[in-house]
Amino acid sequence: MYLLLAAHADGTALQELTADGLPAPSNPQPRVVSAGDLAGVVRGLEKRRPRWIWHRTQDWYPSLLRAGVELERCYDLTLCGSILAHSEFTAHTGYARAAEKLTQDDELHQPPRALQPPPPPPEQGALFDAPARDQRPGQSLEELRAEYAAQQDALRQAGAVPATAPGTTGGSADAPDANRRQRLQLLLAAESAGAMIAAEMQHTGVPWREELHEQILADCLGPRPAPGQRPAKLEALTAELRQLLRSPALNPDSPQELMRALHRNGIEVKTTRQWELKESSHPAIEPLLAYKKLARLHAANGWVWLDAWVKNGRFQPEYVVGGVVSGRWASRGGGALQIPRQIRGAVHADPGHKLIVADASQLEPRVLVALAQDSKMAEAARDKDLYAGIAAQGFGGDRAKAKVALLGAIYGATTGESGRLMPQLARTYPRAVGFVEQAARDGEAGRTVTSRLGRSSPPPSDRWLRSQHSTTAEEQRRADSIARSRGRFTRNFVVQGSAADWAACWLAELRRRLRDLRSDGTAAAELVFFLHDEVMVHCPDGAVEDCMRAIEDSAAAAKELLFGRIPVEFPVSVAVVDSYDKAK
DNA sequence: TCTGATCGCGCG
DNA sequence: AAAGCGCGCGATCAGA
């Protein structure tokens, strides 16, 4: 059952659809529900386990959650539309072509903002913000229904073409056993589930003990200072630095002042980054590095942050699903995806509860093995420690070397040790290395590449396009540099994007299993955090075993959904802890 | 005095 | 020890 929701002048319009997006013959008339009745009506209809179709999950689901209504599944028209508009799997469809027309003015691929005409005023008042992406389905019930139907039509066609259209597609996504339509359908379901999970996690929040956080701050920085003042420890370090660098008014937060002071004292650095400062042995370096570390803690996660972001023992950041082109999530406010190790002790389970912190070990290299079907590297990936396996096969047991080489292949390293190790890696694993090399060449040539489930990289930037008609040698050199940069991006995209595909499936599978546990009445386990390849579940002590099994089963399910039955392991490491700093 | 760009650093 | 990818954010800086 498919139920479409649309904002209507006098409430919410609600219509039952067929799978194809036509009005359900048995019940073709829309129904209008007042704002006050919506949560109750939705709750009642949820018993029939519909898929809720809406413009954006963020517009509907948070308020339903506040009203105590949790839903099983949805279809997010904006997120799915964005995938379908760009995917190589649907590039031949009318849907993608229409989207391409719309995006010709897309600011992402256009000159600086200042040169563009101002955006048109919103059509429907302030009810919705402008969509983040270029797909702008209209917002009336009929427009949304038509949009859904068009998306389903495009999805159907994804399975109806030869796998490779010459000159348009990188080799990355073309396994012979692949069923593109199924994969894309899976991606759309996982993306929509992700949107629900993001809203639910924001609603729930990360359990955060303010007094533990304050204790960490006091230990590192001293007592809480007056607003705008430096904490005592930073003040003391500033005084020490001013003396050691003979600069009585130095502000160590100012890179320019700092650079001048360092140079005056014979410390010849080109930047003021920590790694470069560490090269020097001047007595001022140690307190300077200490200052930088503590100043960062104070500015990014100090008392001001605590006041702004932690309420009633929960940190409730906003997650932005689809915020990264590769399919990773982004976040807004509070730096949710950058919680520093220093303060993870403040993330603490409630009494009678545990935190289960699980992360996929060496996810990206394993994804590369599966994508490239490199059987030699798959042998190494049977090891719990993939890098150790690779080291044994091709690097004389030197794990550090193996790791640097493999990450270099995924990121496109050209210089340094990592770059030098590439030939050695390529000899041992021609398939895996060849796979990322092909993705790089596709990117350099302006082609798009595609993740396992069908998320495609953006088309070349305006900068890249302009660089193509260079004439002088200097321009050509610039063009090569721009092309190589795009090559590194597409090289990484196929791996990072497919890892994001895997993680989305892992998360969606885990959510389903945790819901099952909850409906059994055995466990009130909650997903509270997600970070690219890591999840955190907050659950009662008695539910720990069930949750751990759910996490591991979900990982296995995700592997099979993406790649079928292949001899590559995707192990997860699971830690049961009271506080986040005890994990890993 | 405001705004956008840049630097530097946190996370994967 | 750092380089190759992807992000968000705060302080400073440059320019209007």
Side-chain angles (χ1 to χ4, degrees), chain A residues 112-114 228 230 234 251-259 269-279 288-289 291-302 304-305 308-309 317-344 359-365 367-368 400-401 403-422 425 436-437 439-440 443 449 451 457-458 484-500 503 529-535 580 584:
Chain A
R113 201 174 292 257
R230 281 201 180 95
L234 283 179
N251 171 14
D253 291 327
S254 161
Q256 287 178 353
E257 283 184 40
L258 188 56
M259 186 79 89
V269 286
K270 296 192 68 172
T271 72
T272 60
R273 295 185 192 129
Q274 331 177 356
W275 62 264
E276 197 177 343
L277 294 172
K278 278 178 193 151
E279 303 291 300
L288 177 54
L289 291 173
Y291 178 91
K292 279 176 161 281
K293 188 87 185 157
L294 293 178
R296 165 84 195 180
L297 173 64
H298 179 236
N301 296 98
V304 174
W305 181 91
W309 292 105
E318 181 184 354
Y319 301 92
V320 186
V321 177
V324 183
V325 286
S326 67
R328 279 186 171 183
W329 293 11
S331 70
R332 202 156 32 216
L337 307 186
Q338 310 146 247
I339 300 170
R341 292 180 179 278
Q342 259 178 317
I343 58 161
R344 291 187 178 183
D359 79 281
S361 313
Q362 304 144 351
L363 178 59
E364 292 195 352
V367 163
L368 174 56
K401 255 191 186 177
K403 179 175 177 177
V404 162
L406 191 48
L407 291 177
I410 292 173
Y411 292 148
T414 52
T415 61
E417 189 188 1
S418 184
R420 283 195 298 279
L421 289 170
M422 281 292 282
L425 191 76
V436 285
E437 290 292 332
V449 297
S451 76
S457 65
R484 278 195 303 274
S485 168
R486 179 170 158 80
R488 286 193 301 275
F489 168 65
T490 52
R491 170 198 293 269
N492 186 252
F493 183 96
V494 292
V495 178
Q496 187 184 113
S498 301
F529 191 59
F530 171 60
L531 180 58
H532 309 321
D533 61 357
E534 175 179 329
V535 297
Y580 192 15
K584 266 202 258 197

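Because only heavy atoms are used, hydrogens play no part in the values below, and waters and symmetry mates are left out as well, while side chains stay in. In what follows, chains carry the letters A, B, and so on, assigned in the order in which the sequence lines appear, proteins first and then strands, with residues in each chain numbered from 1.
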Next on the checklist: Need one value for A:Q274: base, sugar-phosphate or nothing, where a base atom within 4.0 Å counts as base even if backbone is also close, heavy atoms only.
Outcome noted: sugar-phosphate
Checklist entry - Taking only side-chain nitrogens and oxygens of A:K278, does any of them come within less than 4.0 Å of OP1 or OP2 of C:dA2? => result no
Checklist entry - Does the B:dC9 base have a donor-acceptor partner in the side chain of A:R296 within less than 3.5 Å? => result yes
Next on the checklist: Need one value for A:G419: base, sugar-phosphate or nothing, where a base atom within 4.0 Å counts as base even if backbone is also close, heavy atoms only.
Outcome noted: nothing
Next on the checklist: Nearest to the side chain of A:V404, heavy atoms from C-beta on, is which of C:dA2, B:dC11, C:dG4?
Outcome noted: C:dA2
Checklist entry - Looking for any heavy atom pair under 4.0 Å, which part of the strands does A:R273 touch: base, sugar-phosphate only, or nothing? => result sugar-phosphate
Checklist outcome for this item: Looking only at C:dC5, C:dC7, B:dG12, the nucleotide nearest the A:F489 side chain is C:dC5
Checklist outcome for this item: Ranking C:dG4, C:dG8, C:dT12 by distance to the side chain of A:Q338, first place goes to C:dG8
Checklist entry - A:N251 near the nucleic acid: base, sugar-phosphate alone, or nothing, with a heavy-atom cut-off under 4.0 Å? => result sugar-phosphate
Checklist entry - A:G416 near the nucleic acid: base, sugar-phosphate alone, or nothing, with a heavy-atom cut-off under 4.0 Å? => result nothing
Checklist entry - At under 4.0 Å between heavy atoms, what does A:I339 touch on the DNA or RNA strands: base, sugar-phosphate, or nothing? => result sugar-phosphate
Checklist outcome for this item: dist A:E279:CD -> A:E276:CD (nearest 0.5 Å) comes out at 7.5 Å
Checklist entry - Is C:dG4 in the syn or the anti form, by the rule that syn lies within 90° of 0? => result syn
Next on the checklist: Taking the minimum atom-to-atom distance to the side chain of A:V324, which one of C:dG10, C:dG6, B:dC11 wins?
Outcome noted: C:dG6
Checklist outcome for this item: A:E417 has its side chain closest, among C:dC13, B:dG8, C:dA2, to C:dA2
Next on the checklist: Which nucleotide wins on minimum distance to the side chain of A:E279, given the candidates C:dA2, C:dC5, B:dG10?
Outcome noted: C:dA2
Item to check | Closest non-hydrogen atom pair, A:S451 against A:G497 | outcome: CB-C, 3.7 Å
Item to check | Touch class at under 4.0 angstrom, heavy-atom based, for A:S254 against every strand present | outcome: sugar-phosphate
Checklist entry - Base, sugar-phosphate alone, or nothing: which one does A:A330 contact when heavy atoms must sit under 4.0 Å apart? => result sugar-phosphate
Next on the checklist: Could you measure the distance from the NZ atom of A:K584 to the CZ atom of A:R344? Nearest 0.5 Å is fine.
Outcome noted: 6.5 Å
Checklist entry - Would you say the side chain of A:E437 lies within less than 4.5 Å of the side chain of A:R491, judging by non-hydrogen atoms? => result yes
Next on the checklist: At 4.0 Å (heavy atoms only), tell me whether A:R420 reaches a base, stays on the sugar-phosphate, or touches nothing.
Outcome noted: nothing
Checklist entry - Dot-bracket for DNA chain C: what is it, with Watson-Crick or G-U pairs under 3.5 Å, [ ] where a pair crosses earlier ones, and | for a pair to another strand? => result ....||||||||||||
Checklist entry - Using a cut-off of 4.0 Å on non-hydrogen atoms, how would the nucleic acid contact of A:R332 be classed: base, sugar-phosphate, or nothing? => result sugar-phosphate
Checklist entry - Which part of the nucleic acid, if any, lies within contact of A:R328, taking any heavy atom under 4.0 Å across all strands shown: a base, the sugar-phosphate backbone alone, or nothing? => result base
Next on the checklist: For a quick check of understanding: with a heavy-atom distance under 4.0 Å over all strands, which category does A:K270 fall into, base, sugar-phosphate or nothing?
Outcome noted: nothing
Checklist entry - What's the verdict on side-chain contact (heavy atoms from CB on, under 4.5 Å) for A:K292 and A:T272, showing C-alpha distance, side-chain angles and the deciding distance? => result CA-CA 10 Å; A:K292 279 176 161 281; A:T272 60; 4.1 Å; yes
Next on the checklist: Are more than 12 heavy atoms, taken from residues, nucleotides or ligands other than A:K403, located less than 6.0 Å from that residue's NZ atom?
Outcome noted: no
